Structure formats: C-alpha cells, structure tokens
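Below is one structure; the comments refer to it alone.
Just so you know, these numbers come straight off a predicted model, no measurement behind them. The figures here come from the full heavy-atom set of this structure, side chains too, leaving out hydrogens, waters and symmetry mates.
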Amino acid sequence: MDESSAHYNQLERFASRLDWNLLRTYIVIVQEQSITAAADRLCLQQPTISAALKRLESTLERKLIERRPGRFELTHAGQTLYDEAMSIYRTVSRLNEFVSESQADTLGHIRIMTISHVVSDYLDEVLSRFFRDHPKVTVSCEVSTTATILSELEKCTITLGVCDGVVPESLESRFLLREQYALYCGPGHALYGREGLKLEDLRGEAYVAFTSDVLGGEHMGAVTAIRALASIGQHVRGSACHVEEVTRMIINGVGIGVLPLHLAEPHVERSLLWQLPPYHDLPESDIQLLFNPLSRFNDAEQALVDSLKQR
C-alpha cells in the first residue's frame with residue numbers, strides 16, 4: 001500500500017468513527033461560552049454535554065477548550081475546529097432545502113428575519129421589484145430580536161436579516177435608515193406631564209425593555225448606553241421583542257421605556273405618552289440589511305442578493 005492510500009484509509013477511519021452530533025454540540029458550547037448554558041439550549045443534562053466535549057477531544061486527541069473558574073478560552077485547535085464545524089453546519093442545515101428544490105425544478109424560497117416595525121422605502125422598493133420580476137419565488141418573514149437574527153445569519157439559516165446592533169465582520173450589510181429614540185412614560189405615571197426633568201429624576205423607576213436591550217449585552221447600542229450612563233432601567237419590570245407590546249406596557253403604566261421617535265409621536269399627540277429626558281442629543285441606531293456571503297444560496301436567494309449588490 002503506497003503512502004497516499006494509507007493516508008486516505010486513515011482519513012476514512014477517522015470520518016467513520018467521528019460522531020457528527022458532537023460537532024453540533026461543540027458549536028453550541030462555543031456559542032454559549034458555557035457548558036451549563038449549552039445544556040439549557042439543547043435541553044440536555046450538564047454531565048451529558050461535558051461527556052460529549054470529552055469524547056470529541058478524545059477522538060481528535062486535542063485539547064479544545066481551556067476551562068477554569070472565570071475563564072473560557074478556545075485553544076488554537078479548538079478555534080480551528082469551530083470554524084470548520086460552522087462551515088459543515090451551514091451546508092448540512094440547507095441540504096433538505098436544496099434537495100427539495102432540485103426535485104421541484106428549483107423555484108426557490110427566501111427567508112427574512114427582522115426586528116419589529118422597520119419602515120424603509122428602500123427595502124420596500126427592493127422587495128417589490130424583486131417579487132415582480134420573480135413571481136414564482138416564495139418568501140417567509142419573521143419578527144425576532146437582533147441577537148437571534150445575527151445568530152441565524154451566522155449559521156446561514158436565513159437569507160436576509162434586518163436589525164440594528166453591532167454587526168459581525170463576517171456579514172455584509174446595506175444601510176437602511178437611522179432611528180432616533182426617546183424615553184417615555186404613560187398617562188398614569190407619576191412623571192407624566194412634568195417638564196424640566198433631569199436624567200437623575202428617572203433613577204429607580206421601573207423599566208420596560210426590548211428583549212435584546214441588555215445592560216452589558218453583546219449587542220449593546222446607543223439606547224442601552226444611555227441606560228448605563230444615567231443608571232436608569234436597573235429594575236426591568238417588563239420586556240418584549242415587538243415595539244407594539246413595549247409601547248402597550250409603557251402606556252399602561254408598567255414602567256418607563258425607550259421607543260423610536262417616529263413611532264411614539266402619534267401616541268404623544270393622543271396624550272398616551274409623555275417624553276422624558278434626555279431631550280437633546282437623543283440616542284440613535286442604524287438599521288442594516290444583512291446577509292452572509294458564506295451562505296450556499298439557492299437560485300432565488302442568489303438572485304435577491306445579486307440585486308442588492310447591484311443597487
């Protein structure tokens with residue numbers, strides 16, 4: 001047996017004894033930066049996740065993660081494995097779609113995830129033109145949080161994402177609009193109708209937050225920074241990922257909260273909301289249209305992405 005044949009047989013044996021489910025478990029461990037959090041996400045017991053990591057390290061004969069109290073760090077081998085495992089996951093997660101489309105003469109389905117209530121003439125024009133030119137393409141749209149949208153984009157399970165927050169360098173983006181935000185309370189609140197308030201007057205007030213608006217969170221933006229700097233919103237009494245539900249809670253006295261200026265104005269005019277400080281230099285957030293260039297796009301997705309690149 002020559003050297004190349006021996007090497008091939010070695011690779012074949014390795015592939016046959018590798019449990020591919022371990023790679024998915026490993027991806028979740030790295031993304032969650034915690035064995036416990038990974039177990040919660042996968043609905044498994046913590047010892048099961050720990051054992052899976054040990055099995056994977058034993059199979060590869062490499063230490064993948066350095067874990068000590070207060071420290072979670074990938075080794076060089078661990079980072080390399082994560083990058084390659086994500087590449088495998090992206091392909092496997094789309095296999096059924098590609099097979100189905102090949103059997104159905106490939107018409108293509110597009111999946112879009114967006115934060116709630118984004119108003120963009122540009123996006124409307126792009127989608128209107130695209131679906132007029134491609135009448136047999138199907139689409140599904142889901143409203144979710146920025147963190148979930150970015151996670152799904154990185155895993156290549158959706159076509160497009162529309163959100164704010166810190167955009168990973170691995171994703172391509174198109175600027176859609178810039179939103180301004182202000183703090184508000186409802187008509188039953190003790191601060192309603194009071195003028196000349198200062199930020200310190202808001203400290204200790206119950207707060208209504210967007211689900212992704214987490215102090216110190218991964219996608220902390222200008223809105224959350226205002227909370228942190230002013231030391232307000234420590235007591236989160238209500239939360240939702242839809243702007244309509246956050247607005248409802250603020251109006252009904254659950255707490256004070258931040259809303260996009262243009263969406264709050266109609267409620268202000270109807271005396272259902274009262275603006276609170278800061279009154280100037282309001283926090284802003286850029287809404288981006290995102291896609292992952294590493295995705296294996298179907299024909300419909302590729303056509304849509306191509307149209308975005310051309311515009």
Side-chain angles (χ1 to χ4, degrees), residues 1-100 102 111 146-159 161 165-172 214 216-219 290-298 301:
M1 182 181 294
D2 59 28
E3 185 177 340
S4 62
S5 297
H7 180 64
Y8 174 80
N9 288 338
Q10 182 182 5
L11 294 177
E12 189 77 7
R13 285 194 300 273
F14 173 76
S16 64
R17 65 189 176 92
L18 175 65
D19 183 348
W20 295 92
N21 286 321
L22 295 179
L23 293 181
R24 177 174 178 268
T25 302
Y26 179 69
I27 288 172
V28 175
I29 293 172
V30 175
Q31 290 177 341
E32 296 295 334
Q33 299 278 290
S34 162
I35 296 291
T36 302
D40 290 340
R41 179 169 157 187
L42 294 171
C43 299
L44 296 171
Q45 297 296 317
Q46 183 175 335
T48 303
I49 301 299
S50 296
L53 177 59
K54 290 179 181 178
R55 282 179 57 200
L56 185 59
E57 290 181 326
S58 175
T59 301
L60 296 171
E61 299 179 347
R62 296 286 189 280
K63 184 73 172 176
L64 301 175
I65 300 174
E66 294 289 349
R67 289 190 297 137
R68 297 198 286 274
R71 183 183 179 190
F72 184 102
E73 186 176 338
L74 299 184
T75 64
H76 179 72
Q79 183 62 57
T80 300
L81 177 64
Y82 176 74
D83 293 340
E84 293 302 320
M86 281 300 299
S87 178
I88 294 170
Y89 180 86
R90 293 182 187 112
T91 301
V92 172
S93 66
R94 305 295 296 275
L95 282 179
N96 184 60
E97 181 179 347
F98 287 118
V99 170
S100 298
S102 65
R111 186 181 175 207
T146 290
T148 298
I149 293 169
L150 293 177
S151 175
E152 294 301 308
L153 281 167
E154 289 187 304
K155 291 187 293 186
C156 299
T157 57
I158 61 175
T159 315
V166 180
V167 179
E169 293 182 0
S170 60
L171 303 180
E172 288 198 28
V214 179
E218 182 181 359
H219 306 293
L290 308 169
F291 62 90
N292 191 334
L294 296 178
S295 291
R296 270 194 69 199
F297 292 123
N298 61 40
E301 291 173 315

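- In this structure, L294 CG and L153 CG are separated by 11.5 Å, a value rounded to the nearest 0.5 Å.
- Atom CD1 of residue I65 and atom CZ of residue R62 lie 15.5 Å apart, to the nearest 0.5 angstrom.
- Take T148 and apply the side chain to side chain donor-acceptor pair (under 3.5 Å) test, not counting sequence neighbours, and it matches T145.
- Considering only heavy atoms from C-beta on, Y89 comes within 4.5 Å of I27 through its side chain.
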Show me, pair by pair, the donor-acceptor contacts under 3.5 angstrom made by side chains of residues 40-48, not counting sequence neighbours?
residue, atom, partner, partner atom, Å
R41, NH1, Q31, OE1, 3.1
R41, NH1, E32, OE2, 3.0
R41, NH2, Q31, OE1, 3.0
Q46, OE1, T36, OG1, 3.1

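- I149 and G161 make their closest contact through CG2-CA, 3.7 Å (heavy atoms, listed as atom of the first residue, atom of the second, distance).
- Every residue meeting the side chain to side chain donor-acceptor pair (under 3.5 Å) condition with R111, not counting sequence neighbours, appears here in chain and number order: E142.
- Within the 4.5 Å cutoff, side-chain heavy atoms of V30 are placed close to those of L74.
- Interatomic distance, OG1 of T157 versus CG of N292, reported as 9.5 Å (0.5 Å rounding).
- Side-chain atoms of T75 come within 3.5 Å of backbone N or O of K63 as a donor-acceptor pair.
- Between F291 atom CZ and C156 atom SG the span is 11.5 Å, to the nearest 0.5 Å.
- Taken from OH in Y26 to CG in L60, the straight-line distance is 9.0 Å, to the nearest 0.5 Å.
- In this structure, the side chain to side chain donor-acceptor pair (under 3.5 Å) partners of E73, at least two apart in sequence or on a different chain, are R71.
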Please assess S295 against E301 for the test side chain to side chain contact (heavy atoms under 4.5 Å, CB included), listing each intermediate value before the final yes or no. CA-CA 10 Å; S295 291; E301 291 173 315; over 6 Å; no

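- You'll find the side chain of L23 reaches within 4.5 Å of the side chain of L56, heavy atoms only.
- Between P168 and L150 the shortest side-chain heavy-atom distance falls below 4.5 Å.
- Listed here is the closest heavy atom pair of E57 and L64: OE2-N, 2.9 Å.
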Donor-acceptor list for residues 76-86 side chains, cut-off 3.5 Å, not counting sequence neighbours:
residue, atom, partner, partner atom, Å
Q79, NE2, D83, OD1, 3.0
T80, OG1, H76, O, 3.0

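- Taking K155 as the reference, E152 meet the side chain to side chain donor-acceptor pair (under 3.5 Å) condition, with sequence neighbours excluded.
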Evaluate T25 against L53 for side chain to side chain contact (heavy atoms under 4.5 Å, CB included), listing each step before the verdict. CA-CA 8 Å; T25 302; L53 177 59; over 6 Å; no

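- For the residue pair L290 and V167, the shortest heavy atom distance occurs at CD2-CG1, 3.7 Å.
- Taken to the nearest 0.5 Å, the CZ atom of R55 stands 13.0 Å off from the OG atom of S50.
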